[in-house]
Protein chains: 2
Amino acid sequence: MAQCDTKTRILDGAEQLFAREGFHNTSLRVLTNLAEANLASVNYHFGSKESLLQAVIERRLLPLNKIREEKIRKVLALAEKNSILPGAEDLLRAFIEPTLEFRNSSPGARDFISLIGRSLSEPDETVRNCFLDLASPILQVLFKALHQALPQLPPEILITRLQFIMGTMSHVMCMGNHSAFNNPELPLPLDHNTLVDQLMKFVLAGLEAPK
Amino acid sequence: MAQCDTKTRILDGAEQLFAREGFHNTSLRVLTNLAEANLASVNYHFGSKESLLQAVIERRLLPLNKIREEKIRKVLALAEKNSILPGAEDLLRAFIEPTLEFRNSSPGARDFISLIGRSLSEPDETVRNCFLDLASPILQVLFKALHQALPQLPPEILITRLQFIMGTMSHVMCMGNHSAFNNPELPLPLDHNTLVDQLMKFVLAGLEAPK
DNA sequence: ACTCGTTTCAAACAAGTGTTTAAATAAAAC
DNA sequence: GTTTTATTTAAACACTTGTTTGAAACGAGT
């Protein structure tokens, strides 16, 4: 076994660099340097740079998706038990809250969230699919659950608004340091709870907007 | 002058490739090949690859921003003339509608919109600022106008919700071909007008959500 | 002590990058 | 028609990229 933590050091470094500099702007040389590993070690442990990206995403997205799905299922189960419709707000919260909570849990997690926030609009198809393949199932679950919650909303409108919500979320997930407003007199120092609160209110209002 | 359209051919090709493959994934060799120009011509006409990006963005963003600003000012002027508050919906529409209309006007325009839609979350600071420096003024204008329209909304909440709106817009601007929902039974063939309509309703509801 | 499978390492590989150069060509000015 | 200027071209430059290689070092198992 030896010190298998070379693998984790590489994963951690890759997470940070892929998030902050982008996948294609990260060279294996500066990565292995940051991770205090030999250049060849990423090919030895992961096979290729792309497989490394896949590993970086899988390591954290699979557990996160599990949590989100559990929470959604819990909302659905409770509603069914009480013979009422599941609440759209509860469902959205079950999806959003764990995401932002995870983002707030550690610097590496923040990097990771920023990485997958950007991957929705990643131009490179291989890179984008690396994320989409893992994210697609949970999005299907969320869609079906929200369709139960809002049966009067036509599916094509629901899916459109869900797209809008994904856009809003991605943006929040990405914007670590920089802001669209370059030099405003107003900073936006939103703490974690306020941000979740505001995001929830925004997307819920949008989702339930008059047709 | 000669046929200065070498410059435009390069601009057109760069627009397409930067949007579809990304700035860093576009090599000057395939670009000049597509544009039927010599490899050295981009350095001759633009100085560097980065200056070319700047030129690509400036060519279309400056006129677009002018239109958006004019429309916003018109809404403000009309409101002042009638001694009423400007409507948030009118202001948002003045910003959003020209953007999506432009996106719909030609294939090149669609590429361009997708390019700047992604540049908000671009990891490379130089590339990101290339867009932000040109976009920042119009965002300030929009912010101040919306602050007039919704004086009861605390500025820090307004700016947060504006950030959300920018996220939603960026996502719509990017999503040319691909969707977050990989294999849904439901396609989203939204025509231009429906998309504008749905987007307007979504962001307006979010902006005016209860505090 | 010796072997075997795993991991590390420095070096080289082949291919691709943006940029520069200097000669050739075209256009314009006088 | 000649002289400047502007543009195009092929070739080279210096450098970085991801990946491969083969030998060295390590860590149990017997």
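Proteins get letters first, then strands, A, B, ... in listed order; numbering begins at 1 in each.
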* Which of the following nucleotides, C:dA11, D:dA12, D:dA6, is nearest to the side chain of A:Leu39? -> C:dA11

* Asked: What nucleotide among D:dA6, D:dT20, D:dA10 has an atom nearest to a side-chain atom of B:Tyr44?
  -> D:dA6

Less than 4.0 angstrom between a side-chain N/O of [X] and OP1 or OP2 of [N], yes or no?
X       : N      : result
A:His24 : D:dT17 : no
A:Thr6  : C:dT8  : yes
A:Asn38 : C:dA10 : yes
A:Ser27 : D:dT17 : yes
A:His45 : C:dT6  : no

* To do: Using the six-membered ring of A:Phe95, assess whether NZ or CZ of A:Arg68 lies under 6.0 Å from its centre and within 45 degrees of the ring axis.
  => yes

* To do: Please evaluate the base of C:dG16 for a donor-acceptor partner in the side chain of B:Arg29 within a cut-off of under 3.5 Å?
  => no

* Count the heavy atoms of every other residue, nucleotide or ligand shown that sit under 6.0 Å from CD of A:Glu58, and state whether that count exceeds 12. => yes

* Asked: Does atom CD of B:Glu125 have more than 12 heavy-atom neighbours from other groups under 6.0 Å away?
  -> no

Round to a whole Å and report the spacing from [atom1] of [X] to [atom2] of [N].
X       : N      : atom1 : atom2 : value
A:Lys49 : D:dT20 : NZ    : C1'   : 17 Å
B:Asn25 : C:dG18 : CG    : P     : 10 Å
B:Phe46 : C:dG18 : CZ    : C1'   : 16 Å
A:Asn43 : C:dA12 : CG    : C1'   : 14 Å
A:Glu50 : D:dT17 : CD    : C1'   : 14 Å
A:Leu31 : D:dT16 : CG    : P     : 17 Å
A:Leu28 : D:dG18 : CG    : C1'   : 6 Å
B:Asp5  : D:dA6  : CG    : C1'   : 15 Å

* Show your reasoning for whether salt bridge (charged side-chain N to carboxylate O under 4.0 Å, His left out) applies to B:Asp124 and B:Arg128. => CA-CA 6 Å; B:Asp124 186 324; B:Arg128 191 176 62 244; over 6 Å; no

* What does B:Thr32 touch in the nucleic acid at a heavy-atom separation under 4.0 angstrom: a base, only the sugar-phosphate, or nothing? -> nothing

* Is A:Thr26 touching bases, backbone alone, or none of the nucleic acid, heavy atoms closer than 4.0 Å? -> sugar-phosphate

* Charged N-O contact under 4.0 Å between B:Asp12 and B:Lys7 -> no

* To do: Mark yes or no for whether A:Ser48, through its side chain, and A:Ser51, through its backbone, hold a donor-acceptor pair below 3.5 Å.
  => yes

* **Residue whose nearest DNA chain C nucleotide is more 5′ - A:Glu36 or B:Phe23** => A:Glu36

* Which of these passes salt bridge (charged side-chain N to carboxylate O under 4.0 Å, His left out) with A:Glu15: A:Arg110, A:Arg59, A:Arg20, A:Arg9? -> A:Arg59

* Asked: Dot-bracket for DNA chain C, 5' to 3', counting Watson-Crick or G-U wobble pairs under 3.5 Å, with [ ] for crossing pairs and | for inter-strand pairs?
  -> ..||||||||||||||||||||||||||||

* Is the closest side-chain heavy-atom distance between A:Pro86 and A:Gln148 below 4.5 Å? -> yes

